Amino acid sequence: MPFPTSDTIAARDNGAGRPRVSGIVIFLNAEAFLVEAIESVIAQTYDDWELLLIDDGSSDASTAITKDYAAQHPGKIRYLEHAGHSNRGMSASRNLGIGQARGEFLAFIDADDVWLPTKLADQLAIMDASPDLAMVCGAVLYWRSWSGGEDQVFPTGHVFDRMVFPPEAAIELYPLGSSISACPSDILVRKNAAVRVGCFEEHFTGSRQMYEDQGFFVKLFLAAPVYFSTKIWLKYRQHPGSISATVAKAGKYSEVRSYFLNWLENYLADRPETDRRVSAALSRALRPYRRPRSHFVLTRLQRAHLRCRSALDRAIQRDRST
């Protein structure tokens with residue numbers, strides 16, 4: 001689909017009555033949780049927003065639910081779908097929302113997640129304090145108590161409460177690094193920054209949708225400063241029907257990860273100015289797929305080194321205590 005140019009964005013943003021934030025909910029047969037997600041947007045302490053409800057071809061009550069919300073909140077909430085009520089995938093649905101968004105900022109929320117009430121107010125304060133900042137997100141509550149489980153909080157990023165400049169986040173965060181990456185439902189991003197990097201990659205369909213957010217994030221992390229807060233703004237629902245759980249259950253994780261890494265290699269090949277550290281991180285990530293024997297040997301050596309180092313540290317501590 002065609003994306004708005006910087007000129008059309010400027011023209012649209014200068015219009016009267018433009019909301020500052022465009023919230024985007026994408027959904028496919030999400031009747032079980034959809035109302036909670038929408039109500040968490042309506043409950044925000046910051047009110048200068050519009051909400052775009054993007055139907056990816058639902059066949060359950062989701063369509064009727066969202067059309068009813070749009071009818072109850074004209075001018076505030078809008079229902080959108082693909083031509084012919086077709087199923088185009090998560091990235092194409094996010095891009096449809098971006099293309100129709102009128103706000104300066106974009107805030108995504110998946111249909112099974114819930115925002116905490118001060119999410120928009122807190123994140124906008126951070127963005128307003130740093131005009132060059134492209135994205136902000138926080139720690140995430142992995143929400144299991146809704147079904148009787150135990151909640152956990154996980155920090156996003158590798159450093160906190162400061163601006164992170166390219167390409168640091170791309171190197172340090174999953175899937176090239178080991179730190180926890182952003183959750184789409186938690187981010188606030190400047191629309192012009194999202195458009196500038198080409199929005200979401202629509203070829204991440206089917207099981208590959210597990211990495212559709214990472215395709216967007218790595219492009220953004222390579223292009224603009226981002227911010228990882230220690231605050232919690234999202235209840236990230238954990239359930240067996242999620243895309244990550246479905247991919248893991250089907251045993252397709254390695255296949256999907258390999259597809260992402262190969263796409264990223266091709267993406268970087270068109271950008272000869274890519275930082276060498278990014279290329280090195282990608283090479284390490286690709287090693288299990290390109291050179292499995294070498295990866296096996298190196299992994300064993302690294303583990304042996306860590307065991308020896310740990311044993312040496314324990315011995316030193318014992319000597320110091322005697």
Side-chain angles (χ1 to χ4, degrees), residues 1-27 34-56 65-82 93-111 113-138 182-197 199-200 216 220 224 226-227 229 231 233-234:
M1 63 167 289
F3 298 114
T5 66
S6 57
D7 290 337
T8 59
I9 288 172
R12 184 184 300 167
D13 287 354
N14 288 329
R18 174 183 61 86
R20 190 140 195 248
V21 179
S22 294
I24 297 174
V25 179
I26 63 171
F27 63 92
L34 188 52
V35 169
E36 285 182 88
I38 296 172
E39 289 293 335
S40 76
V41 178
I42 294 173
Q44 289 297 295
T45 58
Y46 181 85
D47 190 57
D48 190 11
W49 51 261
E50 66 174 350
L51 182 60
L52 308 180
L53 306 173
I54 316 298
D55 192 339
D56 194 21
I65 290 170
T66 48
K67 285 183 175 180
D68 185 55
Y69 268 102
Q72 291 180 42
H73 303 271
K76 189 77 168 174
I77 298 179
R78 287 187 281 157
Y79 170 87
L80 297 167
E81 62 181 354
H82 301 291
S93 297
R94 295 192 200 279
N95 287 343
L96 175 59
I98 295 171
Q100 294 295 317
R102 297 181 295 139
E104 177 188 357
F105 296 93
L106 305 171
F108 301 95
I109 176 168
D110 290 344
D113 296 333
V114 168
W115 285 350
L116 298 184
T118 64
K119 182 239 200 286
L120 293 182
D122 292 345
Q123 291 186 336
L124 280 167
I126 293 171
M127 296 290 267
D128 286 342
S130 302
D132 293 333
L133 195 60
M135 188 198 84
V136 63
C137 62
C183 179
S185 293
D186 190 42
I187 69 169
L188 183 73
V189 60
R190 294 187 196 274
K191 182 173 63 178
N192 60 4
V195 172
R196 191 166 60 245
V197 299
C199 300
F200 287 80
F216 173 72
L220 193 66
V226 295
Y227 188 101
S229 173
K231 291 186 176 181
W233 295 301
L234 175 69

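In this text the structure is predicted, and so the values were computed from the model without any measurement. What you see below is based on every heavy atom in this structure, not just the backbone, and it leaves out hydrogens, waters and symmetry mates.
Listed by chain and number, the residues in a side-chain hydrogen bond (donor to acceptor under 3.5 Å, both in side chains) with Glu81 are Tyr79, His85 (sequence neighbours excluded). The ring-ring contact (aromatic ring centres under 6.0 Å, His included) test applied to Tyr227 returns no partner, not counting sequence neighbours. For Asp110, the salt bridge (charged side-chain N to carboxylate O under 4.0 Å, His left out) test picks out Arg94, with sequence neighbours left out. In terms of the ring-ring contact (aromatic ring centres under 6.0 Å, His included) criterion, Phe27 has no residue partners (sequence neighbours excluded). Taking the side chain to side chain contact (heavy atoms under 4.5 Å, CB included) definition, one finds that Ala121 meets it with Thr45, Tyr46, sequence neighbours left out.
Put simply, CG on Asp113 and OG on Ser185 are 3.5 Å apart, with the number rounded to the nearest 0.5 Å. Within the model, atoms CD1 of Ile126 and NZ of Lys231 stand 6.0 Å from one another, a figure rounded to the nearest 0.5 Å. How far NZ of Lys119 is from CG of Asp186: 5.5 Å, rounded to the nearest 0.5 Å. From Ser93, atom OG reaches atom CD1 of Ile54 across 7.0 Å, with rounding to the nearest 0.5 Å. Here the CG-CZ distance, from Leu52 to Phe108, works out to 10.0 Å after rounding to the nearest 0.5 Å.
Each side chain to side chain donor-acceptor pair (under 3.5 Å) pair with one or both residues in residues 124-133, not counting sequence neighbours, appears once here: Arg20-Asp128.
Distance alone, capped at 3.5 Å, places no donor-acceptor pair between the Lys76 side chain and the Leu51 backbone. Side chain of Gln100 to backbone of Leu80: no donor-acceptor contact under 3.5 angstrom is found.
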message: For Leu34 and Val25: C-alpha separation, side-chain torsions, deciding distance, then whether side-chain contact (heavy atoms from CB on, under 4.5 Å) applies.
response: CA-CA 9 Å; Leu34 188 52; Val25 179; 4.0 Å; yes

message: Applying side-chain contact (heavy atoms from CB on, under 4.5 Å) to Leu116 and Thr118, what does each step give before you reach the verdict?
response: CA-CA 6 Å; Leu116 298 184; Thr118 64; 5.5 Å; no

task: Could you give me the CA-CA distance, side-chain angles and deciding distance for Thr66 and Ile38, then say whether side-chain contact (heavy atoms from CB on, under 4.5 Å) is met?
output: CA-CA 9 Å; Thr66 48; Ile38 296 172; 4.2 Å; yes

task: Take Gln44 and Val21, measure what side-chain contact (heavy atoms from CB on, under 4.5 Å) needs, and give me the verdict at the end.
output: CA-CA 12 Å; Gln44 289 297 295; Val21 179; over 6 Å; no

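Using a 4.5 Å heavy-atom cutoff, the side chains of Tyr69 and Ile42 are in contact. Residues Arg18 and Glu104 form a side-chain contact, since some pair of their non-hydrogen atoms from C-beta on lies under 4.5 Å apart.
Looking at every heavy atom in both residues, Met127 comes nearest to Arg190 through O-NH2, 2.9 Å. When all heavy atoms of Ile109 and Ala37 are compared, the pair lying nearest together is CD1-O, 3.9 Å. Scanning both residues, Ile98 and Lys191, for their nearest heavy atoms gives O-CD, 4.3 Å. Contact record, Ile24 with Gly97: CD1-C, 3.6 Å, taken as the closest heavy-atom pair. Heavy atoms only, all atoms of each residue included: Gly103 and Ser22 are closest at N-OG, 2.8 Å. For the residue pair Ser40 and Trp115, the shortest heavy atom distance occurs at OG-N, 3.1 Å.
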